[in-house]
Amino acid sequence: MNAQPTLSAAGLANLEQRLAEDLSLLELPPKEWVPVSEHYGQRVYDAVVIGAGMCGLVATASLKMLGIRNVLCLDRAPRGLEGPWVTYARMETLRSPKILTGPALGLPSLTFRAWYVAQFGAQAWEALGKIPKGQWMDYLVWYRKALDLPVRNRVAVTDLEAVSDDLIALTAADLENGSNERLYARHVVLATGRDGLGSGYVPPFVEKLDRRFWAHSADDIDFAALKGKRVAVVGAGASAMDNAATALEAGAAGVDMIIRRKDLPRINKFTGISSHGVVHGFAGLSDDWKWKFLQHTLGAQTPPPRDSTLRVSRHPNGRFFLGTGVNGVREEGDRVVLETARGDMAYDFVIFATGFNVDLAERPELKNFASEIRFWSDVYRPEEGMENGELATSPYLGPDFEFTEKVPGSSPALRLIHCFNYPASLSHGKLSGDIPAVSDGGRRLARGIARSLFVADRQIHFDNLVAYETPELQGDEWTDSADLIPTLMKGAAE
Ligand SMILES: Cc1cc2nc3c(=O)[nH]c(=O)nc-3n(C[C@H](O)[C@H](O)[C@H](O)COP(=O)(O)OP(=O)(O)OC[C@H]3O[C@@H](n4cnc5c(N)ncnc54)[C@H](O)[C@@H]3O)c2cc1C
C-alpha cells in the first residue's frame, strides 16, 4: 500500500505532542546505562560534543537515543546562529532538495517536512521549491528544543588535553563572562564544521595584502560598504556565486567572477550516485577505492547551484571571466590588482571564495594532539596522476570517526576524540558534513561510542551481572516430579 501521510497544519504544539508519542512508542530515549564516573570529585561527561551545528545536534541526539545522556554540547556561537545558515551562507535557499530527511533519525515527526507542514500546511509544502536557509536554521533550533538537547551556547572549547589514556580534559571558555571552566569527558566529538580542522583557505600570496582589500567568503563581510565599488570574487563554487550576488544586490558597481577553469563544472558527481549503498558501503572500501571515488569527485568539482549562478548573471554588471587563474596580487593606491593569466585586473575589493583547508595550527583546541594525528598522507601513496592535496590532508579515521595515531602507541587518548565533520569524508563517505546522510553518520558515531564505553566499563557491567538477583520466577510455578521416575520405568517395561 502506498498511503499518503496525513499531515496538516495543526501547529508546532501538536507536532511536539506527536513527536512525544512517537518517542514513547519506540521507548525512546532509553534508560541511562553508563556508570557514573568522577575525576577528583568532579563528574565526568560520557561525551562532550564540540559544535551545535547540524552535525553536533545529530550527534548529541544519537547518543541520547542510545541511553547515553550524560552529554554536553557546546557552541561558541549564540543560540540560533550556529553553523553557516544565517551567518556566512549567502544563498537564498538550500541546495539540498526539500524531501531529504537529514537530521530526523528515522522519526517522521522530526523531519523538516513535518515541521513545515505543522505551521504552513500541506498545500504550502507542495508549493515550496527549495528550503529558505532561514527556515532551515529555524528548524534546527526547533529540533534542539523538541529533543531537549543539552546545548550551551557562547562557550568555546579552547583546549583539549589527555589526562590519562581514558580521559580528556577540555577548557571551555565562557564568551559571555570571560571565565574558563575545566571539564572532563570520556569521549569528545568534534562537530566543528567545514573548517573544523583548519580555516578558510586563500592562496599564500594573498596574506601580504592589506585586510581592507580582501575577505574570505566565510568572513563577516560588510556588504553595504561595497555599494558603488568594483568587486572581484575569486572562485566558481556555490559560495562564490552567493557572495557575488549579495554584493550585486547591495549595490556594487560591478562584480567580476574570476575563475581559473575554462568552463564551469556542470555535474554534481557524488550526489549523482547517492544511495544507501554509498552511505553504508563507502567505509568498507579499501583505501585505494576510497581515494579513487573522492579523487574523481573532487577533480570534477561541484558545480555552483543553477539558482545561485542565475542570481549573479541576471545583473548586467555581474560578469564571468573564465580561464583567468590568479597568479599574484599587489596594491596600487586605493586599488588591488589581480595578476591573472589573462592580464592585470584592478578592483576596490576582492572576495576569495577559495574553500577551506586542513591546518591544525589554526585550531587551538587540537594543539596538544596536532603532531600525533595520522593523516592519509602518512599511510597512503596515490598512484602518479592521482595526487590530491585535500585528500592527503584528510585525517585517517577509525571505524567510529575516531582519530588514529601517527605512531601507534604514542597517544592512546586520541581514540577518544571523534572527528565528526567534513574532513572525515575520505574515511567514512559524506556522513558528517551534508544534510543527506547525517543521521546515518550520527548513529554510526553513537554506536561506536556506546561500544567503547561498554567495553571500558566491562568490569562494572560484569559485577552488575553477578550482583543481579531480581527473580523472574518465584519458585511456586512448578513442583519437582522426581518421585515419579520409578513409575516411568515400570511403564516402559510393561
Ligand atoms: C554557503 C553554504 C551553503 C551550504 N548549503 C548546503 C546545502 O544546501 N545542503 C547541505 O547538505 N549542506 C550545505 N552546506 C554544508 C553545511 O556546512 C553543512 O550541511 C552543515 O553546516 C554541516 O553542519 P556541521 O555541524 O558539520 O557544521 P556547522 O553547521 O558549521 O557547525 C559547526 C559549529 O561548530 C562550532 N564550533 C567550531 N569550533 C568550535 C569550538 N572550538 N568551540 C565551540 N564551538 C565551535 C561553530 O560555532 C559552529 O556552530 C552549505 C555550506 C555553506 C558554507
Side-chain angles (χ1 to χ4, degrees), residues 48-61 72-98 100-103 112 130-133 135-137 140-141 143-144 151-160 170-175 183 188-200 216-219 235 237-243 245-246 268 270-271 274 302 304-305 307-308 353 355-356 362-367 401 419-425 430-439 441-442 445:
V48 170
V49 178
I50 308 175
M54 181 178 70
C55 288
L57 295 182
V58 172
T60 307
L72 183 60
C73 178
L74 302 170
D75 200 301
R76 60 190 177 197
R79 183 187 174 97
L81 293 181
E82 301 91 350
W85 311 109
V86 292
T87 52
Y88 67 89
R90 299 188 170 107
M91 69 281 193
E92 292 168 326
T93 64
L94 263 55
R95 173 200 286 266
S96 304
K98 65 179 181 180
L100 294 178
T101 56
F112 177 83
K130 294 255 174 100
I131 299 172
K133 61 174 188 160
Q135 281 191 333
W136 184 254
M137 183 78 247
L140 291 177
V141 169
Y143 177 99
R144 156 186 175 174
V151 181
R152 276 172 60 192
N153 284 91
R154 300 291 288 143
V155 178
V157 174
T158 55
D159 188 56
L160 298 175
L170 302 92
T171 304
D174 187 318
L175 302 177
L183 305 173
V188 171
V189 177
L190 296 178
T192 41
R194 183 69 184 75
D195 59 346
L197 297 187
S199 62
H216 184 272
S217 55
D219 287 342
S239 288
M241 296 301 161
D242 293 324
N243 275 272
T246 307
N268 199 340
F270 212 63
T271 301
S274 64
T302 306
D307 292 347
S308 300
F356 300 88
E362 297 281 344
R363 306 302 305 197
E365 66 269 38
L366 285 173
K367 66 178 177 298
F401 292 92
C419 180
F420 193 56
N421 51 30
Y422 176 85
S425 303
K430 292 195 174 189
L431 269 60
S432 55
D434 285 329
I435 293 168
V438 67
S439 286
L445 170 83

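These numbers come from the heavy atoms of this one structure, side chains and all, not from hydrogens, waters or symmetry mates. Read the numbers this way: they start at 1 and go in the same order the structure lists the ligands and their atoms.
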- Look at atom 32 (C) of ligand 1 and find which of Ala191, Gly83, Gly51 reaches it with the closest heavy atom.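 When every heavy atom of Ala191, Gly83, Gly51 is considered, Ala191 comes closest to atom 32 (C) of ligand 1.
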
Is the shortest heavy-atom distance from the side chain of [X] to the side chain of [Y] under 4.5 Å?
X	Y	result
Leu94	Lys133	yes
Arg144	Glu82	yes
Thr158	Glu365	no
Asn243	Tyr88	no
Leu431	Val438	no
Asp195	Arg363	yes

- Task: Looking only at non-hydrogen atoms, find the nearest pair between Val49 and Ala59 and report the distance.
- Result: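 Closest approach of Val49 to Ala59, heavy atoms only: CG1-CB, 4.4 Å.
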
- Query: For Pro103 and Ser439, which heavy atoms make the closest approach, and how far apart are they?
  - Reply: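 Smallest heavy-atom distance, with atoms named: C-OG, 3.2 Å.
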
Which ligand 1 atoms does [X] reach within 4.0 Å, using its non-hydrogen atoms?
X	result
Glu82	49 (O)
Met91	1 (C), 3 (C), 4 (C), 5 (N)
Ala156	42 (N), 43 (C)
Ile435	9 (N), 10 (C), 11 (O)
Ala89	1 (C), 2 (C)
Leu94	8 (O)
Arg95	7 (C), 8 (O)
Ser96	7 (C), 8 (O), 9 (N), 10 (C), 11 (O)

How far is [atom] from its nearest protein heavy atom, and which residue and atom name does that atom have?
atom	value
atom 40 (C) of ligand 1	Ile50 CG2, 3.6 Å
atom 12 (N) of ligand 1	Asp434 OD1, 3.5 Å
atom 22 (C) of ligand 1	Gly433 O, 3.6 Å
atom 44 (N) of ligand 1	Arg76 N, 3.2 Å
atom 27 (O) of ligand 1	Gly193 CA, 3.2 Å
atom 33 (C) of ligand 1	Asp75 OD2, 3.4 Å
atom 31 (O) of ligand 1	Gly53 CA, 3.5 Å
atom 42 (N) of ligand 1	Val157 N, 3.0 Å

Working to the nearest 0.5 angstrom, can you tell me the gap between [X] [atom1] and [Y] [atom2]?
X	Y	atom1	atom2	answer
Ser308	Arg90	OG	CZ	13.0 Å
Phe112	Tyr143	CZ	OH	14.5 Å
Leu175	Arg76	CG	CZ	9.0 Å
Glu92	Ile131	CD	CD1	15.0 Å

Is the closest heavy atom of [X] to ligand 1 under 4.0 Å?
X	value
Asp242	no
Arg363	yes
Val155	yes
Pro84	yes
Phe420	no

- Look at Lys367 together with Asp159 and state whether they make a salt bridge at an N to O cut-off of under 4.0 Å.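 Counted as a salt bridge, because a side-chain N and a carboxylate O are separated by less than 4.0 Å.
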
Considering only heavy atoms, does [X] approach ligand 1 within less than 4.0 Å through its side chain, its backbone, both, or neither?
X	answer
Trp85	side chain
Asn421	neither
Tyr88	side chain
Ser239	side chain
Glu365	side chain

- Query: Once the angle between the rings of Trp136 and Trp85 is folded into 0 to 90°, is it parallel (under 30°), tilted (30 to 60°) or perpendicular (over 60°)?
  - Reply: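 The rings of Trp136 and Trp85 stand perpendicular, inter-plane angle above 60°.
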
- Message: I need the single residue from Val188, Val157, Thr171, Leu74 that forms a side chain to side chain contact (heavy atoms under 4.5 Å, CB included) with Leu183. Which is it?
- Response: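 Exactly one pass, corresponding to Leu74.
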
- Looking just at side-chain N and O atoms, do Asn421 and Ser432 make a donor-acceptor pair shorter than 3.5 Å?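 No, because no side-chain N or O of Asn421 sits under 3.5 Å from a partner of the opposite role on Ser432.
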
- Message: Please check whether Cys55 reaches ligand 1 - meaning an N/O of the residue sits under 3.5 Å from an N/O of the ligand, judged on distance alone.
- Response: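 In this structure, Cys55 places an N or O atom under 3.5 Å from an N or O of ligand 1.
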
